[in-house]
Structures are given as structure tokens and as C-alpha cells.
Colleague: 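Got a structure for you, questions after.
Only a predicted model underlies this, so the values are computations on that prediction, with no experimental measurement involved. One is the number of the first residue; the rest follow in order along the sequence.
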Amino acid sequence: MGLNIKWLIFATSWMVFRAIGSAVFLSITILSADSPRSAPPEWIVPFIGDFIVGSMALFLAYYTYKNPTAILWGILLAWNILGIFDLFGAIVLTFIVPYQPLPEIGLNEIGVRTVLSVNSFIQISTIIILFNRTTLNYFKVR
């Protein structure tokens, strides 16, 4: 297994943190709407998108390791495009409706943008790796 495939598996697995984070912030918003930690209503859709993308991450990473197929390659490509679309929307939203969920640990406006940017870089690099010849061969895409 080459370095590209290892990165692909790591990067895909990494996105599970999106599900964890969005679940926390959605729970805070639903359970205590008056809390200063509560997300503005505009953030609900990006959080749901993060939860969907993150919930699929471990399954996709597992099947990438155990059963790589051309269909899985297509699913990974679509999943990463959906994920990057969601992240870009969230980055734009940080300028329109700022959200500072936990400023005590650095999740102020800059912290949120940093996390979103790092995840964007990871997903863009994964999309690039999906088109590498060794990756295409691994998934048996011809």
C-alpha cells in the first residue's frame, strides 16, 4: 500500500471529527437555544452537512482499506466534492454570520476559519490524490 493510499485513508478517517464537532454544536443549539454557545440559525445547514459527511468517513475509510473498487472511487470523489462544497459554504458563512462557539480554546472567528481551512486543504489534497495513477490502479479504475 503506497503513501497516497495511506493518506487517502487517513484523510477520509479524519473527517469523522466533523461529525463529532457538529453533533456537539447542534446539541448545544437544540438543548440550550439561549446559551451564548448556541449557533445562529444560519449555521444549522452547514452543521447537518458536516454531520452527514463525518458520519460516512469511517465506513469509507474501512472500505478503501478492505475492498477498493471503481464504484468506491466514484463514491469517494462525490463525497469529497460534497465535503469541500460544505466547507466552502461554512467559510463564507463565517464572514456573513460569525460564530464563536468556544473562544476559551481558540474557536473564535479566526479559530473556526482555521479549522475549516485545514479540513478544506485535506479534502482538496484527497481529491487530487484520487486522480493519481497509482490510486486509480488501486481502485481498479480504467
Side-chain angles (χ1 to χ4, degrees), residues 1-31 33 35-142:
M1 183 179 309
L3 190 58
N4 286 345
I5 303 305
K6 289 179 182 177
W7 173 257
L8 182 65
I9 292 169
F10 166 78
T12 303
S13 300
W14 176 262
M15 294 302 154
V16 77
F17 290 112
R18 289 173 69 175
I20 295 167
S22 64
V24 168
F25 297 132
L26 281 170
S27 298
I28 292 170
T29 301
I30 291 168
L31 297 175
S35 169
R37 306 278 189 257
S38 179
E42 294 85 358
W43 279 88
I44 301 301
V45 171
F47 284 148
I48 291 172
D50 283 338
F51 187 78
I52 291 168
V53 169
S55 297
M56 295 174 60
L58 291 181
F59 297 108
L60 291 171
Y62 173 78
Y63 285 110
T64 298
Y65 179 70
K66 287 292 189 183
N67 190 20
T69 63
I71 292 173
L72 180 60
W73 180 90
I75 292 170
L76 279 168
L77 179 61
W79 177 79
N80 277 290
I81 291 170
L82 172 68
I84 198 70
F85 180 76
D86 180 65
L87 287 168
F88 283 160
I91 290 171
V92 169
L93 195 58
T94 64
F95 292 100
I96 298 170
V97 183
Y99 178 44
Q100 299 183 29
L102 302 168
E104 300 84 2
I105 62 169
L107 279 180
N108 52 18
E109 292 173 27
I110 300 298
V112 170
R113 287 184 194 129
T114 301
V115 168
L116 295 172
S117 298
V118 167
N119 282 338
S120 296
F121 170 76
I122 291 170
Q123 287 215 276
I124 289 170
S125 69
T126 303
I127 291 170
I128 292 168
I129 286 173
L130 281 170
F131 288 99
N132 184 294
R133 184 171 310 281
T134 57
T135 305
L136 292 170
N137 289 337
Y138 179 78
F139 285 96
K140 302 167 191 76
V141 176
R142 304 208 195 295

Colleague: Okay, side chain of W7, backbone of G2: is any donor-acceptor separation there less than 3.5 Å?
Modeller: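 Checked: no pair found.
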Colleague: For F88, check ring pair (Phe, Tyr, Trp, His ring centres under 6.0 Å) against everything at least two apart and list the hits.
Modeller: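 F88 satisfies ring pair (Phe, Tyr, Trp, His ring centres under 6.0 Å) with no other residue.
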Colleague: What residue pairs, at least two apart or across chains, pass side chain to side chain donor-acceptor pair (under 3.5 Å) with a residue in residues 45-58?
Modeller: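 Every pair satisfying side chain to side chain donor-acceptor pair (under 3.5 Å) with a residue in residues 45-58: R18-D50.
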Colleague: Heavy atoms only: give me the nearest P46-A90 pair and the separation to one decimal.
Modeller: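 Minimum heavy-atom contact is CB-CB, 4.3 Å.
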Colleague: Quick one: are I128 and N132 in side-chain contact, heavy atoms under 4.5 Å?
Modeller: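 With C-beta onward as the side chain, the pair stays apart.
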Colleague: Hey, is NZ on K6 packed in by over 12 heavy atoms from elsewhere, all under 6.0 Å?
Modeller: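 Open.
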Colleague: Side chain to side chain contact (heavy atoms under 4.5 Å, CB included) between I122 and M15: does it pass, once the steps are laid out?
Modeller: CA-CA 9 Å; I122 291 170; M15 294 302 154; 3.5 Å; yes
Colleague: Going through the checks in order, is the side chain to side chain donor-acceptor pair (under 3.5 Å) test met by N108 and Q100?
Modeller: CA-CA 4 Å; N108 52 18; Q100 299 183 29; 5.7 Å; no
Colleague: Would you mind reporting whether L77 and F131 have side-chain heavy atoms less than 4.5 Å apart?
Modeller: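 A side-chain contact exists here, since the closest heavy-atom pair is under 4.5 Å.
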Colleague: Mind listing the side-chain donor-acceptor pairs of residues 112-121 below 3.5 Å, one per line with the distance, residues two or more places apart or on another chain?
Modeller:
residue: R113; atom: NE; partner: T94; partner atom: OG1; Å: 2.9
residue: R113; atom: NH2; partner: T94; partner atom: O; Å: 3.0
residue: T114; atom: OG1; partner: I110; partner atom: O; Å: 2.8
residue: S117; atom: OG; partner: R113; partner atom: O; Å: 2.8
residue: N119; atom: OD1; partner: W14; partner atom: NE1; Å: 2.9
residue: S120; atom: OG; partner: L116; partner atom: O; Å: 2.8

Colleague: Could you give the side-chain donor-acceptor pairs of residues 58-75 under 3.5 Å, partners two or more places apart or in another chain?
Modeller:
residue: T64; atom: OG1; partner: L60; partner atom: O; Å: 2.7
residue: T69; atom: OG1; partner: L72; partner atom: N; Å: 3.1
residue: W73; atom: NE1; partner: L130; partner atom: O; Å: 2.7

Colleague: What's the shortest heavy-atom distance between I28 and S38, and which atoms?
Modeller: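 Between these two residues, the closest heavy atoms are CG2-N, 3.9 Å.
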Colleague: For L93 versus E42, what's the shortest heavy-atom pair and its separation?
Modeller: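 In terms of heavy atoms, the two residues are closest at CD2-O, 3.3 Å.
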Colleague: Find the distance between CD1 (I44) and OG1 (T29) and round it off to the nearest 0.5 Å.
Modeller: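 Atom-to-atom, I44:CD1 and T29:OG1 are 5.0 Å apart.
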Colleague: Any salt bridge (Lys or Arg N to Asp or Glu O under 4.0 Å) involving residues 114-124? Give me the pairs, sequence neighbours left out, ordered by first then second residue.
Modeller: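 Output for this query is empty, none listed.
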Colleague: Would you give the length of the straight line joining atom CD1 of I48 to atom CG of D86, rounded to the nearest 0.5 angstrom?
Modeller: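 With rounding to 0.5 Å, CD1 (I48) is 10.5 Å from CG (D86).
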Colleague: If you define the side chain from C-beta out and look only at heavy atoms, does anything of I5 sit under 4.5 Å from T134?
Modeller: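 Heavy-atom side-chain distance check fails, nothing below 4.5 Å.
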Colleague: Under 3.5 Å, side chain of T135 to main-chain N/O of I129, donor-acceptor pair present?
Modeller: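 Such a contact is found between T135 side chain and I129 backbone.
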Colleague: Not counting sequence neighbours, which residues clear ring pair (Phe, Tyr, Trp, His ring centres under 6.0 Å) with W79? List them please.
Modeller: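 Residues passing ring pair (Phe, Tyr, Trp, His ring centres under 6.0 Å) with W79: none at all.
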Colleague: Parallel, tilted or perpendicular, judged at 30° and 60°: which one describes the rings of W43 and Y99?
Modeller: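 It falls in the tilted class, 30° to 60°.
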Colleague: Walk me through whether N80 and I124 qualify under side chain to side chain contact (heavy atoms under 4.5 Å, CB included).
Modeller: CA-CA 8 Å; N80 277 290; I124 289 170; over 6 Å; no
Colleague: Between CZ of R133 and CG of N4, what distance do you get to the nearest 0.5 Å?
Modeller: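 Here the interatomic distance stands at 12.5 Å.
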Colleague: What are the two closest heavy atoms between F47 and A39, and how far apart are they?
Modeller: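 Here F47 and A39 meet closest at CE1-CB, 3.6 Å.
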